[in-house]
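This report concerns only the one structure given below.
Side chains included, hydrogens not; waters and symmetry mates left out as well; all remaining heavy atoms used.
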Amino acid sequence: MMERPDLKQALGRVLGPAGPEVGCDECFAQLDRYVELELAGKDADAAIPGLRAHFAGCTACREEHESLRALVGGEQAL
């Protein structure tokens with residue numbers, strides 16, 4: 001059987017995350033801590049379960065995560 005990553009990704013969006021679900025409000029409340037853990041080399045996914053899955057399904061939160069990580073990561077490089 002041929003692998004269909006596009007179909008698999010679409011199905012994942014429809015079914016939602018297999019683990020704990022996090023909403024946008026909770027995501028926003030935990031985002032600073034999550035990024036700090038990531039940049040410190042810690043296991044942010046273990047510390048705050050469900051956030052990575054939320055980023056996969058929520059464009060707004062994913063973009064917020066990427067922007068914050070770039071901003072804080074850039075500050076740490078200075």
Side-chain angles (χ1 to χ4, degrees):
M1 179 179 229
M2 188 159 84
E3 214 32 55
R4 298 266 324 259
D6 57 328
L7 183 59
K8 189 174 184 178
Q9 185 179 26
L11 187 57
R13 285 189 189 135
V14 170
L15 295 177
E21 291 190 38
V22 173
C24 292
D25 290 340
E26 179 67 17
C27 180
F28 186 73
Q30 296 290 341
L31 191 56
D32 290 349
R33 180 171 167 240
Y34 188 88
V35 168
E36 288 172 0
L37 289 167
E38 281 185 312
L39 294 175
K42 309 283 176 142
D43 189 354
D45 295 322
I48 309 171
L51 226 53
R52 176 76 48 198
H54 182 75
F55 296 148
C58 180
T59 303
C61 289
R62 181 175 54 251
E63 289 174 356
E64 189 69 23
H65 169 252
E66 291 168 358
S67 295
L68 183 60
R69 187 175 163 111
L71 176 69
V72 175
E75 288 176 357
Q76 287 182 351
L78 294 177

**Report entry** Contact check, side chains of Cys24 and His54, non-hydrogen atoms, under 4.5 Å
**Finding:** yes
Query raised in the report: What about Ile48 and Leu39, same hydrophobic cluster or not, with Ile/Leu/Val/Met/Phe/Trp/Tyr joined at side-chain heavy-atom distances under 4.5 Å?
Result: yes
Query raised in the report: Does a sphere of radius 6.0 Å around CG in Asp25 hold more than 12 heavy atoms from other residues, nucleotides or ligands, not counting ones at 6.0 Å or beyond?
Result: no
Report task. Mind checking the CZ-SG spacing from Arg62 to Cys27? Nearest 0.5 Å is all I need. Result -> 11.0 Å
Query raised in the report: To the nearest 0.5 Å, what is the distance between CD (Glu63) and SG (Cys58)?
Result: 9.0 Å
Query raised in the report: Relative to each other, are the rings of His65 and Phe55 parallel, tilted or perpendicular (30° and 60° limits)?
Result: parallel
**Report entry** Arg69 and Glu36 ion-paired at < 4.0 Å
**Finding:** no
Query - Heavy-atom closest pair, residues Glu38 and Ala44 - result: CG-CB, 3.8 Å
Query raised in the report: Just how far is it from atom CD of Gln30 to atom SG of Cys61, taken to the nearest 0.5 Å?
Result: 12.5 Å
Query raised in the report: Is Leu68 close to Tyr34 at the side-chain level, that is, under 4.5 Å between some pair of heavy atoms?
Result: no
Report task. Any chance you could measure Asp43, atom CG, to Leu37, atom CG, to the nearest 0.5 Å? Result -> 9.0 Å
